[in-house]
Amino acid sequence: MISAMTATLIYAQEMSIEEELASQKTAPAVTQNDFMPNISLILDASYTHESLDIDTEDVQIPYFVESGSDDEHAHTPLVGNDGFNFNYAELVLSSSVDNYFDLMGVFHMTEENIEIEEGYIVTTSLPYHLRAKIGKFRSDFGYLSNKHEHAYNFQHLPLIYNALLGDHAINEEGVQLQYVLPTDIYAMTGVELLRGENEQSFGVEGFTPPESPVVEDVSQPSLVVGYLKTSFDIGGSTILGGVSIAKGDSRMNHLGDDHEGHEEEAHAFAGDTTIYGADLVYKNYFSATQSITWQSEYLYREMDGTKYSEIEEALNKKQGGFYTQLVYQHDQNIKTGVRYSAITQNDITLDASPVDATDDISILSAMAEYNFSEFSRVRLQYNHDASL
């Protein structure tokens, strides 16, 4: 169990990526100014104090999140470092290519490395309410997967997202096709074909288990994502809802990891994984600057395949959980909120025999933030973490 207090300062351009792209289309014809990219820089820094008295690299959620790392495999972090932290900088470049395509690049920078978090082309004039995207991008699975860290109402993704998809959710190379249905209310359906490299639930690289034949790499693309989303207004309120599915092959290699003192020994997994998601958001506007938002999601994962350690065993996991949060926008400057995130199902079987695994895992968070403007904010957050 851990309690943590985090203060975060973010300098950000608050418009979403899609809003940035849409804002550039002020004229029907392309002009020279349309070729000039929009540029924004986001900085995220924090101060953290936590009560856990062991090395934070050694924490884990058994049968969900591994601890530690080696030279080839880094695991999802569960706890931040005490003291001052420079979390990341994010450079965003966006521009219209012509009347048919928009171009987006998002560069994620830390003290250790620089990576292309997103880089894609999206169509702007396909017929029949269609839109296509190709490149590396955040999936539209669920409600939070396509959002960047600075757009979260809390410092990190909810526990169930972190446990099933990692701290960046689904962020892959591939292609996306979306279709807006010709209905009275907004309804959009989409499908994505992705490489399937998410290490928390999927993975594409084969491995050589002890005393067993080589497990080959997965043919790509190996991950298929589909979803249906809708939104509509009722009086001064807006309701958004959606259902999602992600299905793909899984290759997970933890054979070289240090598992000393943990419940699971060094192992690897080959099989297939399906994740289902359902989300619902209710927003009520009291005025132009005052609102309340209730947001919830449920995720469920089923994994079926073979676990490789010293022996081969048939492995099946049925795991699920949810988060629910309430955020109150007092005025244009002040926002407060609470969130409860929990894992509620953790059913594991090895060779059809049940494994004793905890399914009572939760995090309670509370936050208060002050927005100096639409471009900067300070947030104070408290977490009571019973997941460790």
Side-chain angles (χ1 to χ4, degrees), residues 54-79 159-168 170 195-220 222-223 246-276 299-321 343-361 387-388:
I54 66 173
D55 190 338
T56 56
E57 293 183 356
D58 291 332
V59 298
Q60 65 167 345
I61 303 176
Y63 305 102
F64 279 96
V65 179
E66 303 289 336
S67 64
S69 64
D70 56 31
D71 291 339
E72 297 181 354
H73 187 88
H75 302 287
T76 301
L78 293 176
V79 182
L159 174 63
I160 189 61
Y161 259 92
N162 200 309
L164 298 188
L165 295 172
D167 54 352
H168 292 293
I170 301 177
R195 285 178 61 89
E197 293 182 320
N198 180 281
E199 292 183 344
Q200 206 64 26
S201 285
F202 300 102
V204 298
E205 295 185 4
F207 50 84
T208 304
E211 311 298 329
S212 299
V214 173
V215 176
E216 300 292 341
D217 293 351
V218 171
S219 298
Q220 302 171 31
S222 66
L223 177 59
K247 183 176 181 59
D249 295 302
S250 294
R251 296 289 186 271
M252 300 180 182
N253 183 6
H254 302 296
L255 292 169
D257 300 342
D258 181 9
H259 287 257
E260 183 178 356
H262 295 146
E263 295 186 29
E264 290 192 90
E265 74 278 15
H267 64 278
F269 173 80
D272 57 77
T273 297
T274 304
I275 302 178
Y276 303 92
L299 300 183
Y300 171 81
R301 175 175 75 178
E302 182 164 1
M303 305 181 72
D304 192 60
T306 303
K307 177 182 178 180
Y308 298 88
S309 52
E310 295 182 356
I311 59 174
E312 290 185 27
E313 298 174 285
L315 174 64
N316 180 267
K317 294 184 178 184
K318 295 179 179 179
Q319 301 167 309
I343 291 170
T344 56
Q345 183 176 359
N346 192 14
D347 298 332
I348 314 292
T349 59
L350 280 173
D351 284 342
S353 297
V355 175
D356 184 19
T358 180
D359 58 2
D360 184 15
I361 305 170
S387 69
L388 308 174

So, taking the atom named [atom1] in [X] and the one named [atom2] in [Y], what distance separates them when rounded to the nearest 0.5 Å?
X	Y	atom1	atom2	value
K318	I348	NZ	CD1	11.0 Å
E313	T306	CD	OG1	10.0 Å
L350	E312	CG	CD	12.5 Å
T344	Q319	OG1	CD	10.5 Å
Y300	L164	OH	CG	11.0 Å
D272	R251	CG	CZ	9.5 Å

Determine the minimum heavy-atom distance between [X] and [Y], stating which atoms define it.
X	Y	value
A270	F207	CB-CZ, 4.1 Å
P209	L255	CA-CD1, 3.9 Å
I170	A246	CD1-CB, 4.3 Å
A163	I343	CB-CD1, 4.0 Å
K247	F202	C-CE2, 4.2 Å
M252	Q200	CE-O, 3.2 Å

Under the 3.5 angstrom rule, does the side chain of [X] hit a backbone N or O of [Y] as a donor-acceptor pair?
X	Y	result
S222	R195	yes
D167	N162	no
N198	L165	yes
N346	T358	yes

Check whether the side chains of S250 and T273 place a donor and an acceptor atom closer than 3.5 Å, and report yes or no.
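Judged by distance alone, the side chains do pair up.
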Please test N316 against D304 for side-chain hydrogen bond (donor to acceptor under 3.5 Å, both in side chains), starting from the C-alpha separation and ending with a verdict.
CA-CA 5 Å; N316 180 267; D304 192 60; 3.2 Å; yes
For the residue pair H267 and H254, categorise the inter-ring angle as parallel (less than 30°), tilted (30 to 60°) or perpendicular (more than 60°).
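Ring orientation of H267 relative to H254: tilted.
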